[in-house]
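Please read the structure below before turning to the comments.
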Amino acid sequence: MAPSKPRVIYWFRTDLRLHDSPALKAALDLKPECLYPVWCWDPHYVYRARVGPNRWQYLLDCQSDLSASITKLNPKSKLFLIREAPQTLLAKLFKAWKITHIVFEKDTDAYARDRDENVVSQAKGAGVEVIIKMGRTLYDPDELVRANGGRPTMSITQVQKAGEKLGEVAKPIPAPKFLPDPGDTSLDFEHTQPSPNPDFNNIQRDEDDQSYNALAGPKGDFAVPTMAELGLKPASSQHRGGETIALKMLDEIISNTQYTATFSKPDTAPTAFAPQATTLLSPHHHFGSLSVRLLYWRVMDVLASYKGKQSTIPTNLIGQLLFRDMYFGAQAPLGYCFAQTVGNSHCRFIPWHLPSKIDPSNGLITGDHHIDTPEAETWFQRWKWGKTGFPWIDALMRQLRYEGWIHHLGRHAVACFLTRGGCYIDWERGAEVFEEWLIDHEVACNTGNWQWLSCTAFYSQFYRCYSPIAFPKKTDAKGEFVRHFCPELKDYPDKYIYEPWKAPIADQKKAGCLIKGDGDDTEGEGGMKIYPKPMFDFNARRTICIDAIKNAYHVNLYGDNPKVKDGTWRELFSDSAEGPTEGKSAKDASSANGNGEAKVKSGEEASGDMGVDQDEDEAAEVGGETRGGDRQGKRKRGKGKGQETLDGHFGGKRAKR
DNA sequence: AACATAGTTGCCTAG
DNA sequence: ACTAGGCAACTATGT
């Protein structure tokens, strides 16, 4: 009996490209009789990941461009976009389309691993062969971790050393010249509707979500959804996705050999816009519309022939890619806990304001947070919406919201301000906002960078604190960036542009904008604009925060410490510490931070639970596995029962200091 | 073992 | 306009 020719599903996910795809090459090497390029509209992304309109649009751009490129290679083919969860859909497709193989690119994100394990086991049960190839990073994160002694990669030198053991980064593979026909695409099976619970993206929609109305879309043609179908208003960002654009951007960067060879991240201006100072390739790497290995080798080619003085690792473009791999290598062994403090063996515990609520059933953050003081919540909201009264911070947050991208050092500035250098608010709050608004949001990189900036992992020089006044002055003394994104300040004199509250009233009136209030009003009498007063004395907050971090470093708890989970960490923090540290003795510590700033504690939650629901504190070890595969839809299940320990999954790996 | 140095990206003042 | 050193002080790594 001659073996029948392979009938292959190529499952596209975060690899929306045809060039340099080891997985796609593996699919084509099977010489299949038919190849189905498939995208499953995953409810995890639709409901559970936070995604604002700009990243939705970027994703649709990538899908449309990829689909067009597929059709260009084979007019019978396209990206078949099917509106159902992969966990329920793929097994039905195996049967309906007589599939023999499924091929996809490896994804080491915590959720992706769960999803893919599920699909792999269903494929095996159905007799479908699975082929998985790495292509998302320079090195396979799991191999990188193995070469790092099984430990998460926490520094760039570790990545370099581990990388050397793994040998040369894979050379890019050319895009295919042809693609096989797809087979019959009938969908003669029941449509499994997802449960939109929780739905973190409800706030993004102003119309009904119709993304799951029909398996093959409203026209039955497997088309890429429209923003309207998703219930979303149009994107505000000018940044557009897609492999075609990505390759053009790459060509432009590489053709500027001086830029490519001398690029040095700390020397690029975060105040530069239109054009920005860095490459803006990160969203393409996120969606896979540009291969990082292609960028790597094209940069290496330039470096090999460029005669002038070059920048070096870690500040050059190669270094940037190594940092990306470092974060993937930090995330890979830590799983879900990498994205939070509680349970994370490599993240310092600091008693931030607005700590996450934890689901006792799996030890994972729920997406909701405790409000330990109303003041901190106010600061958080003003930070998020660009109304802090610090123009540099507000301009960055508005650029983030409108355009979905800000310069890396701008991210430093706003992240430092929210956490260790201003508000003393939990980095998880900031990471959630970035997750929602960034077009290049990558869970490993976003998490890692927030830990870096909050000095909870990767970086520890907390006394180096970004000033919202001095820092932007270095590259933009005239405040052009602020004038663009905070136009109400556009006529302010240069000397007041970063601290407009210092301008005399006469100057404020002359510039057509009064500095007053807390951001609720934007326009006053006679068309006079209003910009808020600064929400605190920055230098005073800076001192409070540095003292508090220093103290927390001395207490020296990590996220996997039992005291973090059971609440007894409070006993280790004196009443004079910033943050919700007073615990049971809150009443005695009303104004005790030594800087004359009376702390405002809400009666409701000041001495309440932090990070963990206290009812659940008696939790004992119940099995070793808390991967949280059931995060969607069932997070309120089993309160008080079946909870598992938050610590010990990665126990014994790091000697505590 | 004790110590020195480096670490992608701080700020301020004096000269 | 630019640089050097002080500021107060963290961890990881190497000798």
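Letters go in sequence order (proteins before strands), and every chain restarts at 1. Computed from a prediction, not measured in an experiment: that's the story for all the values here.
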Checklist entry - Of the options A:Thr447, A:Leu418, A:Asn449, which is the one that meets A:Trp427 in a side-chain contact (heavy atoms from CB on, under 4.5 Å)? => result A:Thr447
Next on the checklist: Nearest whole Å is fine: how far is B:dG10 C1' from A:Ile546 CD1?
Outcome noted: 10 Å
Checklist entry - Can you check whether A:Tyr139 reaches A:Val169 side chain to side chain, under 4.5 Å on heavy atoms? => result yes
Checklist entry - Within this structure, what is the CZ-to-P distance between A:Arg541 and B:dC11, rounded to whole angstrom? => result 18 Å
Next on the checklist: Of the listed nucleotides (B:dT8, B:dC12, C:dC10), which one gets closest to any side-chain atom of A:Ala470?
Outcome noted: B:dC12
Checklist entry - The side chain of A:Ser460 lies closest to which of these nucleotides: C:dT13, C:dT11, B:dT8? => result C:dT11
Next on the checklist: Looking at C:dT11, I'd like to know if its phosphate oxygens (OP1 or OP2) sit under 4.0 Å from a side-chain N or O belonging to A:Arg348.
Outcome noted: yes
Checklist entry - Charged N to carboxylate O below 4.0 Å: is that the case for A:Arg298 and A:Asp251? => result yes
Checklist outcome for this item: Residues of residues 402-423 of chain A with a heavy atom under 4.0 Å from any atom of DNA chain B, listed by number, are A:His408, A:Leu409, A:His412
Checklist entry - Looking at A:Glu375 and A:Arg541, does any basic side-chain N land under 4.0 Å from a carboxylate oxygen? => result no
Next on the checklist: I'd like to know if the side chain of A:Arg420 reaches the main chain of A:Ile546, judged simply by a donor and an acceptor atom lying under 3.5 Å from each other, with no hydrogens or angles considered.
Outcome noted: no
Item to check | B:dC3 versus C:dC7 - spacing of their C1' atoms, nearest Å | outcome: 22 Å
Item to check | Selection from B:dC11, B:dT8, B:dG7 that lies nearest to any side-chain heavy atom of A:Pro314 | outcome: B:dT8
Item to check | P spacing across the pair C:dA1 / B:dT9, given as an integer number of angstrom | outcome: 26 Å
Checklist entry - When rounded to the nearest Å, what value does the distance between P atoms of C:dA4 and B:dA6 take? => result 15 Å
Checklist entry - Between A:Gln320 (side chain) and A:Thr315 (backbone), is there a donor-acceptor pair under 3.5 Å? => result yes
Checklist entry - The side chain of A:Gln320 lies closest to which of these nucleotides: B:dT9, C:dT13, B:dT8? => result B:dT8
Checklist outcome for this item: Separation of C:dC10 atom C1' from A:Tyr459 atom OH, nearest Å, is 9 Å
Checklist entry - Atom OG1 in A:Thr341, atom CG in A:Asp426: separation rounded to 0.5 Å? => result 5.5 Å
Next on the checklist: What's the gap between B:dA1 and C:dT13 when it is taken at their C1' atoms, as a whole Å value?
Outcome noted: 15 Å
Checklist outcome for this item: In whole angstroms, the gap separating P of B:dT8 from CD of A:Gln160 amounts to 9 Å
Checklist entry - Taking only Watson-Crick and G-U wobble pairs with both distances under 3.5 Å, what dot-bracket line describes DNA chain B, where [ ] shows pairs that cross earlier ones and | shows pairs with another strand? => result .||||||..||||||
Under 3.5 Å, which N/O atoms of the protein pair with N/O atoms of nucleotides 13-15 of chain B?
none

Next on the checklist: Looking at A:Glu432 and A:Arg429, is there a salt bridge between them, counting it only when a charged N and a carboxylate O are closer than 4.0 Å?
Outcome noted: yes
Checklist entry - Which value, in whole Å, describes the distance between the C1' atoms of nucleotides B:dT8 and C:dG6? => result 23 Å
Next on the checklist: Looking at B:dC11, I'd like to know if its phosphate oxygens (OP1 or OP2) sit under 4.0 Å from a side-chain N or O belonging to A:Lys473.
Outcome noted: no
Next on the checklist: Is there aromatic stacking of A:Tyr553 on C:dC10 here, judged by a ring-centre distance under 5.5 Å and a plane angle under 30°?
Outcome noted: no
Checklist outcome for this item: With the side chain defined as heavy atoms from C-beta on, A:Tyr463 is closest, among C:dT13, C:dC10, B:dC12, to C:dC10
Checklist entry - Among C:dT13, B:dG7, C:dT11, which is the nearest nucleotide to the side chain of A:Thr157? => result C:dT13
Next on the checklist: With a cut-off of less than 4.0 Å, is there a side-chain N or O of A:Arg464 near OP1 or OP2 of B:dT9?
Outcome noted: yes
Checklist outcome for this item: Ranking B:dT8, B:dG10, C:dT13 by distance to the side chain of A:Lys161, first place goes to C:dT13
Checklist entry - Going by the angle between their ring planes, with limits at 30° and 60°, are A:Tyr459 and A:Trp452 parallel, tilted or perpendicular? => result parallel
Item to check | Rounded distance in Å - CG (A:Asp267) to P (B:dG10) | outcome: 11 Å
Next on the checklist: With ring pair (Phe, Tyr, Trp, His ring centres under 6.0 Å) as the test, pick out the partner of A:Phe471 among A:Tyr466, A:Phe481, A:Phe417.
Outcome noted: A:Tyr466
Checklist entry - Contact class for A:Ser467 (heavy atom, under 4.0 Å): base, sugar-phosphate, or nothing? => result sugar-phosphate
Item to check | Phosphate contact (C:dT13 OP1 or OP2) by A:Gln158 side-chain N/O below 4.0 Å | outcome: yes
Checklist entry - Separation of A:Ile350 atom CD1 from C:dC10 atom P, in whole Å? => result 13 Å
Next on the checklist: Between A:Arg411 and A:Asp440 (salt bridge meaning N to carboxylate O under 4.0 Å), is one present in this structure?
Outcome noted: yes
Checklist entry - Between A:Met154 (CE) and C:dT13 (C1'), how many Å, whole number? => result 16 Å
Item to check | Side chain A:Arg570, main chain A:Gly567, donor-acceptor under 3.5 Å | outcome: yes
Next on the checklist: From CD of A:Gln461 over to P of B:dT8, roughly how many Å is that when rounded to an integer?
Outcome noted: 9 Å
Checklist entry - Any idea which of B:dT8, C:dC10, B:dG10 is nearest the A:Ile156 side chain? => result B:dT8
Item to check | Flag side-chain contact, heavy atom, 4.5 Å: A:Lys563 against A:Phe349 | outcome: no
Checklist entry - Which is true for A:Phe323 with a 4.0 Å heavy-atom rule: it touches a base, it touches only sugar-phosphate, or it touches nothing? => result base
Checklist entry - Angle class for the A:Trp383/A:Phe380 ring planes (parallel below 30°, perpendicular above 60°, tilted otherwise)? => result parallel
